[in-house]
Amino acid sequence: MTGAGEDWLSDELDVEGADCGSWVPGVDYLAGWRDAREAADRLNRALLSSSFELSDVRAVASTNGDGHSVVRVAGRPDAVERLAGLLETLVNGDGGAA
């Protein structure tokens, strides 16, 4: 996310444990990460516009072992519960998916 700098990446949510695998020579992890970053930024903007704080819940760009794009959601349990409730309301409400 832009605006607040990159400090939000290192606040108290540990998100690096998911990415601590070995890198394979010849795999373009950067391209996968760029795609994931775009999607994570979009989700983070939506979270911010929904009154979430990125220090409580956020999307994090990553790649898997094959270099494919991955977006992980990291958050404090109470914020994740709130996000899940919001999504359930959208799905089960009048304008939600079947």
Side-chain angles (χ1 to χ4, degrees):
M1 286 297 305
T2 58
E6 297 297 323
D7 291 340
W8 64 271
L9 286 171
S10 61
D11 62 17
E12 300 168 23
L13 297 177
D14 174 22
V15 294
E16 63 185 351
D19 296 316
C20 293
S22 298
W23 286 35
V24 177
V27 174
D28 187 3
Y29 293 98
L30 189 55
W33 180 84
R34 279 190 208 114
D35 290 342
R37 176 71 186 255
E38 289 180 25
D41 282 352
R42 182 175 181 198
L43 181 53
N44 284 329
R45 285 190 299 273
L47 289 168
L48 287 169
S49 69
S50 300
S51 300
F52 285 93
E53 296 290 331
L54 295 183
S55 59
D56 291 331
V57 63
R58 67 169 167 267
V60 180
S62 184
T63 58
N64 66 11
D66 296 332
H68 291 100
S69 305
V70 176
V71 176
R72 293 180 169 84
V73 176
R76 301 184 197 291
D78 58 328
V80 173
E81 288 287 338
R82 189 172 141 228
L83 176 58
L86 178 64
L87 293 172
E88 288 169 349
T89 298
L90 290 172
V91 169
N92 296 326
D94 292 334

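Note that this is a predicted model, so its numbers are computed, not measured.
- Between Val80 and Asp56 there is no side-chain heavy-atom pair separated by less than 4.5 Å.
- The shortest non-hydrogen separation linking Ala36 to Ala61 is C-CB, 3.6 Å.
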Check your understanding: Can Val71 and Val60 be said to form a side-chain contact (heavy atoms from CB on, under 4.5 Å), step by step?
Key -> CA-CA 6 Å; Val71 176; Val60 180; over 6 Å; no
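- With respect to Arg37 and Asp41, a salt bridge is recorded, a charged nitrogen being found less than 4.0 Å from a carboxylate O.
- Side chain of Asn64 to backbone of Asp66: a donor-acceptor contact under 3.5 angstrom is found.
- One finds the CG atom of Leu48 at 6.5 Å from the CG atom of Asn44 (value rounded to the nearest 0.5 Å).
- In this structure, the side chains of Val70 and Thr63 stay at 4.5 Å or more apart for every pair of heavy atoms.
- Separation of atoms CZ (Arg34) and OH (Tyr29) is listed at 15.0 Å; rounding is to 0.5 Å.
- Residues Arg82 and Phe52 meet the side-chain proximity criterion, which asks for heavy atoms closer than 4.5 Å.
- Annotation: the span from Leu54 atom CG to Leu47 atom CG amounts to 6.5 Å, rounded to 0.5 Å.
- The structure places CZ of Arg58 at 8.5 Å from CZ of Arg76, a figure rounded to the nearest 0.5 Å.
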